[in-house]
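What follows is a single structure, written as structure tokens, with notes after it.
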Amino acid sequence: MSTFPFRRALITGASAGIGERFAHILGQAGVPCVVVARRGDRLRELADRYTGFEVLEADLQSESGVAIVAERVASAANPVDLLVNNAGFGSSGPLHESAVERATGQIDLNVKALVALTHGAVVAFRSRGGGYILNVSSVASFLASPNMAVYAATKSFVTSFTEAVHEENRTFGVNASALCPGFVATEFQAVSGGADRVSRTPRFLWLDADKVVRVGLEGVAKNRAIVVPGWQYASMPTVSKLTPRLVLRRIAGKIL
Ligand SMILES: NC(=O)c1ccc[n+]([C@@H]2O[C@H](COP(=O)([O-])OP(=O)(O)OC[C@H]3O[C@@H](n4cnc5c(N)ncnc54)[C@H](OP(=O)(O)O)[C@@H]3O)[C@@H](O)[C@H]2O)c1
């Protein structure tokens, strides 16, 4: 029997990392999930382990992929009441050294797909009297990040956008939360080209993926607008507001 209030979840980016942990934790709690990503083999392996899981193979950087997933979010057959917009990637290095497709690709996935699916969920959930939207952002959303300029900007969008959607729907039974983790060891570091940073990042800054997932699920169940897991990062929203931007970006530049 589930200890969560969710009846059925749709998780993007469930083939690896944090998204995969969302699927396991919800599956173990008896919440059936629609798992979305490009690597269908991994999704099918995951789905075989739990009852009622569905696999949706889709590339969320393409319009057709987003349309397939949006259709499932809107569907009244086996309706989902929790959307976890988790799929995302970053790119390390100065902007001029990265291919423009890689820079804009982050906007397609981290921003465009997330907005389209959030839109679909809000429309569906409001018509059904309620639901939950958990958008995976990052602590990078609280500051400009030299050498991860596009990534941090996409996450600033996600946090700001989710906060506004949270407020618009607060009294309509639709919970919306931005989950803002710090470092979590996943495929993200290899995909974003920041694998060399892993050994240089102090151990205490690494968060446990399961803890991040549980804090996120509790946060959206309680309708917290912004959820920051871990004592290490708890003061970041406040500190980033009180610290002059020049100081913040110099520090971020040194770390990144
Ligand atoms: N790890 C961290 O330190 C960290 C910190 C803060 C925030 N985050 C955020 O947490 C989220 C999950 O990241 P992660 O660390 O778990 O990374 P990850 O291990 O690289 O997993 C990323 C997931 O996104 C999916 N994905 C990537 N491109 C996709 C596309 N075009 N269409 C559909 N799915 C796609 C991948 O699946 P396929 O490749 O199979 O499509 C994979 O399942 C991201 O939004 C990330 O920005 C991560």
Side-chain angles (χ1 to χ4, degrees), residues 10-25 33-47 55-70 72 83-92 101-102 104-114 116-118 134-143 145 148 150-159 161-162 178-195 197-198 201 205-213 215-216 226-230 232-233 236 255-256:
L10 185 145
I11 307 159
T12 68
S15 63
I18 297 171
E20 189 182 348
R21 295 318 305 165
F22 268 112
H24 281 299
I25 285 170
C33 298
V34 183
V35 286
V36 180
R38 293 167 301 183
R39 285 171 288 179
D41 50 340
R42 285 202 184 190
L43 296 178
R44 280 184 286 278
E45 223 172 89
L46 179 63
V55 168
L56 212 49
E57 216 173 307
D59 180 353
L60 290 171
Q61 279 172 260
S62 74
E63 278 185 24
S64 56
V66 174
I68 291 168
V69 182
R72 181 61 188 87
L83 167 67
V84 182
N85 270 314
N86 163 79
F89 78 99
S91 185
S92 296
E101 295 78 14
R102 195 157 163 82
T104 57
Q106 291 167 79
I107 300 169
D108 291 338
L109 180 62
N110 304 2
V111 173
K112 267 184 83 176
L114 178 138
L117 298 184
T118 301
L134 184 58
N135 287 338
V136 181
S137 185
S138 166
V139 290
S141 69
F142 302 125
L143 67 173
S145 302
M148 282 200 105
V150 178
Y151 176 72
T154 64
K155 293 301 180 179
S156 295
F157 180 98
V158 172
T159 298
F161 167 72
T162 308
L179 174 62
C180 303
F183 292 104
V184 184
T186 64
E187 293 178 9
F188 179 88
Q189 288 76 30
V191 172
S192 69
R197 249 201 332 271
V198 172
T201 305
L205 286 178
W206 292 93
L207 298 172
D208 175 63
D210 283 12
K211 179 130 191 263
V212 168
V213 166
V215 171
I226 297 178
V227 182
V228 182
Q232 306 90 319
Y233 298 99
M236 259 193 93
I255 294 172
L256 295 169

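Just so you know, ligand 1 is whichever comes first in the structure, and atom 1 is the first atom listed for that ligand.
Of the heavy atoms in Cys180, none comes closer than 4.0 Å to ligand 1. Using a 4.0 Å cut-off between heavy atoms, Leu109 contacts ligand 1 through its side chain alone, with no backbone atom that close. Contact annotation: for Arg42 versus ligand 1, there are no heavy atoms closer than 4.0 Å.
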(request) Check the pair Val139, Phe183 against side-chain contact (heavy atoms from CB on, under 4.5 Å), reporting the backbone distance first and the verdict last. (result) CA-CA 9 Å; Val139 290; Phe183 292 104; over 6 Å; no

(message) For a side-chain contact (heavy atoms from CB on, under 4.5 Å) check, start with the C-alpha distance between Met236 and Leu143, then their side-chain angles and the critical distance, and finish with the verdict.
(response) CA-CA 9 Å; Met236 259 193 93; Leu143 67 173; 3.7 Å; yes

(message) If you apply the rule side-chain contact (heavy atoms from CB on, under 4.5 Å), what do you find for Leu109 with Lys112, and how did you get there?
(response) CA-CA 6 Å; Leu109 180 62; Lys112 267 184 83 176; over 6 Å; no

(message) Set out, in order, the CA-CA distance, both residues' side-chain angles and the distance that settles side-chain contact (heavy atoms from CB on, under 4.5 Å) for Arg102 and Phe89, then state yes or no.
(response) CA-CA 10 Å; Arg102 195 157 163 82; Phe89 78 99; 3.7 Å; yes

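When only interatomic distances are considered, the shortest N/O to N/O separation between Phe183 and ligand 1 does not fall below 3.5 Å. Between Ala37 and ligand 1, not a single N/O pair is under 3.5 Å apart. At least one N/O-N/O distance between Leu60 and ligand 1 falls below 3.5 Å. The shortest N/O to N/O separation between Glu187 and ligand 1 falls below 3.5 Å. Checking only distances, Ile18 does come within under 3.5 Å of ligand 1, N or O to N or O.
Within the 4.0 Å heavy-atom cutoff, Ser137 counts among the residues contacting ligand 1. Within the 4.0 Å heavy-atom shell around ligand 1 one finds Ala58. Ligand 1 has Gly182 within reach: a non-hydrogen atom of the residue lies less than 4.0 Å from it. Between Arg21 and ligand 1 there is no heavy-atom distance shorter than 4.0 Å. At least one heavy atom of Gln189 sits less than 4.0 Å from an atom of ligand 1.
Considering only non-hydrogen protein atoms, atom 20 (O) of ligand 1 sits nearest to Phe188 N, 3.3 Å. Nearest protein heavy-atom contact of atom 10 (O) of ligand 1 is Val136 CG1, 3.4 Å. Looking only at protein heavy atoms, the nearest one to atom 28 (N) of ligand 1 is Arg38 NH2, 3.2 Å. Ranking the protein heavy atoms by distance from atom 1 (N) of ligand 1 puts Val184 O, 3.0 Å first. For atom 12 (C) of ligand 1, the closest non-hydrogen atom of the protein is Asn86 OD1, 3.1 Å. The closest protein non-hydrogen atom to atom 47 (O) of ligand 1 is Tyr151 OH, 2.6 Å. Here the protein heavy atom with the shortest distance to atom 36 (C) of ligand 1 is Ser15 OG, 3.8 Å. Scanning the protein for heavy atoms near atom 6 (C) of ligand 1, the closest one is Pro181 O, 3.3 Å.
Taking each of Ala190, Ala14, Ala140, Ala16 in turn, the one with a heavy atom nearest to atom 21 (O) of ligand 1 proves to be Ala16. In the candidate list Gly88, Gly19, Ala87, Gly88 is nearest to atom 22 (C) of ligand 1, counting heavy atoms.
Once rounded to the nearest 0.5 Å, the distance linking CD of Glu45 with CZ of Arg39 reads 11.5 Å. Annotation: the span from Lys155 atom NZ to Ser138 atom OG amounts to 6.5 Å, rounded to 0.5 Å. One finds the CD atom of Gln61 at 8.5 Å from the CG atom of Asn110 (value rounded to the nearest 0.5 Å).
Those atoms of ligand 1 that come under 4.0 Å of a heavy atom in Asp59, given as number and element, are 30 (C), 31 (N), 32 (N). Contact atoms of ligand 1 toward Ser138: 6 (C), 7 (C) (distance under 4.0 Å to a heavy atom of the residue). Close approach to Gly17 involves these atoms of ligand 1, each under 4.0 Å from a residue heavy atom: 16 (O), 19 (O).
The ring of Tyr151 has its center closer than 6.0 angstrom to the ring center of Phe188.
By the salt bridge (charged side-chain N to carboxylate O under 4.0 Å, His left out) test, Arg44 pairs with Glu57, sequence neighbours left out. With sequence neighbours excluded, the residues forming a salt bridge (charged side-chain N to carboxylate O under 4.0 Å, His left out) with Asp210 are Arg21, listed by chain and number.
Within 6.0 Å of CD in Glu187 there are more than 12 heavy atoms belonging to other residues, nucleotides or ligands.
Taking each heavy atom of Val158 and Asn135 in turn, the nearest pair found is CG1-CB, 3.9 Å. Taking every heavy atom of both residues into account, Leu46 and Ala23 meet most closely at CD2-CB, 3.6 Å. Contact between Cys180 and Ser137 at its shortest, heavy atoms only, is SG-CB, 4.0 Å. Residues Ala152 and Ser145 come closest through the heavy atom pair CB-OG, 3.3 Å.
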